[in-house]
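All remarks here apply to the structure that follows.
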Amino acid sequence: AGVDLGESPYLWFYADCGGEPIVGVLPSKVNARIVRVLFPDLRSAAPDNAPANARCSLQVRLTDKTGIESNTLKTTLELRN
């Protein structure tokens, strides 16, 4: 059996856009097998409020229903206007 995320797992994140990194935890919603979360404005983490096409390193992990954290997923985002 797979791990049960529940209906509202916590999403832990680290975003580095070249300035002061943003680190935090956000509540999310699970719908079928999709996790949805509303992120803060990552441009505020970039120097000079992120020029067009700024790149950010993003790391996320989830906490399941019993409090166990997932592996960290890493990606790069491109912020566009």
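Owing to the predicted nature of the structure, the values given are computational and were not obtained by experimental measurement.
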Query raised in the report: Taking side chain as C-beta onward, heavy atoms only, is P9 less than 4.5 Å from V30?
Result: yes

Query raised in the report: Between D64 (side chain) and G67 (backbone), is there a donor-acceptor pair under 3.5 Å?
Result: yes

Query raised in the report: Looking at residues at least two apart in the chain, or sitting in another chain, which of them share a side-chain hydrogen bond (donor to acceptor under 3.5 Å, both in side chains) with K29?
Result: S8

Query raised in the report: Mind checking what makes side-chain hydrogen bond (donor to acceptor under 3.5 Å, both in side chains) contact with Q59, not counting sequence neighbours?
Result: none

Requested in this report: Can you measure from OH (Y14) to NZ (K74) and round to the nearest 0.5 angstrom?
Outcome: 10.5 Å

Query raised in the report: In Å and rounded to the nearest 0.5 Å, what is the CG to CG distance from L62 to L73?
Result: 7.5 Å

**Report entry** Listed partners of T75 passing side chain to side chain contact (heavy atoms under 4.5 Å, CB included), at least two apart
**Finding:** L58, L77

Query - Residues forming a ring-ring contact (aromatic ring centres under 6.0 Å, His included) with F39, sequence neighbours excluded - result: F13

Requested in this report: For residues T72 and R61, report the shortest heavy-atom separation together with the two atoms involved.
Outcome: OG1-CD, 3.9 Å

Query raised in the report: Remaining members of L38's ILVMFWY cluster at a side-chain heavy-atom cut-off under 4.5 Å?
Result: none

Report task. Can you measure from CD (E69) to CG (L11) and round to the nearest 0.5 angstrom? Result -> 10.5 Å

Report task. Can you sort out the partners of S28 under side-chain hydrogen bond (donor to acceptor under 3.5 Å, both in side chains), two or more places apart, ordered by chain and number? Result -> none

Query raised in the report: Can you find a pair of side-chain heavy atoms, one from V60 and one from W12, that are under 4.5 Å apart?
Result: no

